[in-house]
Amino acid sequence: MKKIGRNDPCWCGSGKKYKVCHEAMDEKILVFKEKGCIVPTHDLIKTPEQIAGIRESGKVNVAVLDAVASEIKAGMSTEDIDRIVARVTKEYGAVAAPLGYEGFPKSVCTSINSQVCHGIPSEEDILEDGDIINVDVSTIYKGYFSDSSRMFCIGNVSEEMRRLVDITKQSIQVGLEQVKPWNFLGDMGEAIHTFIKEHGYSVVRDIGGHGVGLEFHEEPFVSYVSKKGTEMLMVPGMVFTIEPMVNMGTDEIFIDAENDWTVYTDDNMPSAQWEVTVAVTEDGYEILAW
Ligand code: MF3
Ligand code: CO
């Protein structure tokens, strides 16, 4: 690769000279790389314009989730949730990213109780009093992708299951506190894992978060069972999801053999998940969708 001259335009497309744009950051990244750390490639570092685009996409994602929040109730099918997501997404002139993604048949993932993630909306799955459900919405707006999910408690949910939902939500905040430049993704992953274990739950190992923004799923893979000081270095402009799946019992999971999508806990105990899309800023983080 040809080295960029200091007076050449920056690789990020800002139009500024390299020396006043990303040169200092690149030099800092190189120091980490030479120490053997995993560092982001340039394509994982978004420009302010791209982040603005993902932020707008995130606003639609949040509006879709807000619409679900205002309508969700016992007696409704998960297909009804799919219809809300499809309708509101369209009203905003956006596209639901899941529909047709690697063959996924619906506009949203709906995962009830022991379903860990990737539940497929269906006319047959009716929300009952006492259920917990994850609604995972992903939006494409003007070419930019955002991805976030929330848990909903339907009617009278047991104290035990409410606690699972609350602790999982709190774990996102615990993770966010580790999101700042020159920390590692593993700092965030270990913080979440430690917090979850302290509360007696387990974290799913095999499925995690991902870079997001220009595509639905970008590098890096974001684990929540990683170790401090490992995994990719966090650099301003990176955008990824934090989306731990937290199980009341075992962390073992299996995939539905019939639809090849829906993930369940092995022991049939409940699972919860919250998801945010987050950007690394100059001094911390910005939530782009929740
Ligand atoms: N929203 C899921 C995630 O957080 C994506 C699932 S892929 C789909 O990564 F096709 F099922 F939508
Ligand atoms: Co995601």
Side-chain angles (χ1 to χ4, degrees), residues 44 46 54 57-58 60-65 68 78-79 81-86 88-89 94-112 115-122 125 133-141 144-152 168-169 171-172 175-176 179 185 188-189 192 203-226 232 238-247 253-256 258-264 271-280 285 287-290:
L44 302 185
K46 269 84 175 170
I54 304 166
S57 175
V60 178
N61 214 67
V62 166
V64 172
L65 274 165
V68 171
T78 51
E79 184 78 33
I81 298 171
D82 192 69
R83 276 190 280 268
I84 297 169
V85 170
V88 179
T89 302
V95 172
L99 189 62
Y101 177 81
E102 291 184 5
F104 192 80
K106 299 287 173 176
S107 296
V108 61
C109 297
T110 51
S111 307
I112 303 174
Q115 295 180 336
V116 173
C117 63
H118 302 167
I120 302 177
S122 155
D125 292 327
I133 180 173
N134 173 272
V135 178
D136 189 344
V137 174
S138 317
T139 300
I140 315 171
Y141 184 64
Y144 292 104
F145 290 75
S146 57
D147 189 5
S148 67
S149 79
R150 301 181 197 162
M151 294 299 295
F152 298 99
T168 305
K169 186 174 186 183
S171 81
I172 300 271
L176 283 169
V179 178
L185 283 174
M188 185 269 291
I192 289 182
V203 180
V204 171
R205 300 173 166 273
D206 310 331
I207 318 172
H210 49 92
V212 63
L214 308 184
E215 288 174 67
F216 196 173
H217 294 111
E218 302 174 3
E219 292 292 316
F221 174 72
V222 181
S223 168
Y224 312 100
V225 291
S226 45
M232 194 176 280
M238 282 170 71
V239 179
F240 54 86
T241 68
I242 302 182
E243 50 174 316
M245 289 153 228
V246 177
N247 295 353
I253 53 174
F254 70 91
I255 299 176
D256 188 312
E258 262 156 47
N259 68 28
D260 222 15
W261 273 106
T262 310
V263 179
Y264 291 83
S271 182
Q273 179 183 30
W274 292 78
E275 175 178 19
V276 291
T277 293
V278 66
V280 183
Y285 65 87
I287 295 172
L288 300 177
W290 195 356

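We count ligands from 1, going down the list as the structure has it; atoms in each ligand are counted the same way. Sequential numbering from 1 along the given sequence is applied to the chain's residues. The structure displayed is predicted, hence computed values, not measured ones.
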Judged by modelled atom types alone, do Asn61 and Thr139 share a side-chain donor-acceptor pair under 3.5 Å?
-> yes

Cut-off 3.5 Å, side chains only: do Asp147 and Ser138 have a donor facing an acceptor?
->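 The answer is yes; a qualifying pair exists.
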
Verify the distance test for His217 against the Co ion (ligand 2): any N/O/S atom under 2.8 Å, yes or no.
->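 Here the distance criterion (N, O or S atom, under 2.8 Å) is not met by His217, so no.
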
Near the Co ion (ligand 2), is there an N/O/S atom from Asp147 that is less than 2.8 Å away?
->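 Yes - counting backbone and side chain alike, Asp147 has an N, O or S atom under 2.8 Å.
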
Check: Trp261 N/O within less than 3.5 Å of ligand 1 N/O =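 Looking only at distances, the answer is no, because the N/O contact criterion of under 3.5 Å is not met.
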
Based purely on interatomic distance, does Glu243 place a nitrogen or oxygen under 3.5 Å from a nitrogen or oxygen of ligand 1?
-> yes

Please list, in number order, the atoms of ligand 1 under 4.0 Å from a heavy atom of [X].
{"X": "Glu275", "answer": "4 (O)"}
{"X": "His118", "answer": "6 (C)"}
{"X": "Cys109", "answer": "11 (F), 12 (F)"}
{"X": "Ser138", "answer": "1 (N)"}

Looking only at N, O or S atoms, find the one in Glu275 nearest to the Co ion (ligand 2) and name it.
-> OE2

What N/O/S atom of Glu243 gets nearest to the Co ion (ligand 2)?
-> OE2

Under the 3.5 angstrom rule, does the side chain of [X] hit a backbone N or O of [Y] as a donor-acceptor pair?
{"X": "Ser111", "Y": "Asn134", "result": "no"}
{"X": "Arg150", "Y": "Trp290", "result": "yes"}
{"X": "Gln273", "Y": "Glu243", "result": "yes"}
{"X": "Ser57", "Y": "Ile140", "result": "no"}
{"X": "Ser107", "Y": "Asp82", "result": "no"}

Mind listing the closest non-hydrogen atom pair of Tyr264 and Gln115 along with its distance?
->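 Closest heavy-atom pair between Tyr264 and Gln115: OH-NE2, 3.2 Å.
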
Note the single closest protein heavy atom to [atom], along with its residue, its atom name and the distance in Å.
{"atom": "atom 9 (O) of ligand 1", "result": "His217 NE2, 2.8 Å"}
{"atom": "atom 5 (C) of ligand 1", "result": "Phe216 CZ, 3.5 Å"}
{"atom": "atom 7 (S) of ligand 1", "result": "Tyr101 CD2, 3.8 Å"}
{"atom": "atom 2 (C) of ligand 1", "result": "Asp136 OD2, 3.3 Å"}

For the pair His118 and Trp261, name the ring-plane relationship: parallel under 30°, tilted 30 to 60°, perpendicular over 60°.
->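 His118 vs Trp261 ring planes: perpendicular.
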
Of Ile207, Asp147, Val108, Leu99, which has the heavy atom at the shortest distance from atom 3 (C) of ligand 1?
->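 Nearest option to atom 3 (C) of ligand 1, by heavy atoms: Asp147.
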
Backbone, side chain, both or neither: what part of [X] comes under 4.0 angstrom of ligand 1, heavy atoms only?
{"X": "Glu102", "result": "neither"}
{"X": "Pro98", "result": "both"}
{"X": "Thr241", "result": "neither"}

Can you tell if the side chain of Leu214 reaches within under 4.5 Å of the side chain of Tyr144, non-hydrogen atoms only?
->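 Yes, their side chains come closer than 4.5 Å.
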
Applying side-chain contact (heavy atoms from CB on, under 4.5 Å), run through Asn247 and Ser271 and close with a yes or a no.
-> CA-CA 4 Å; Asn247 295 353; Ser271 182; 2.7 Å; yes

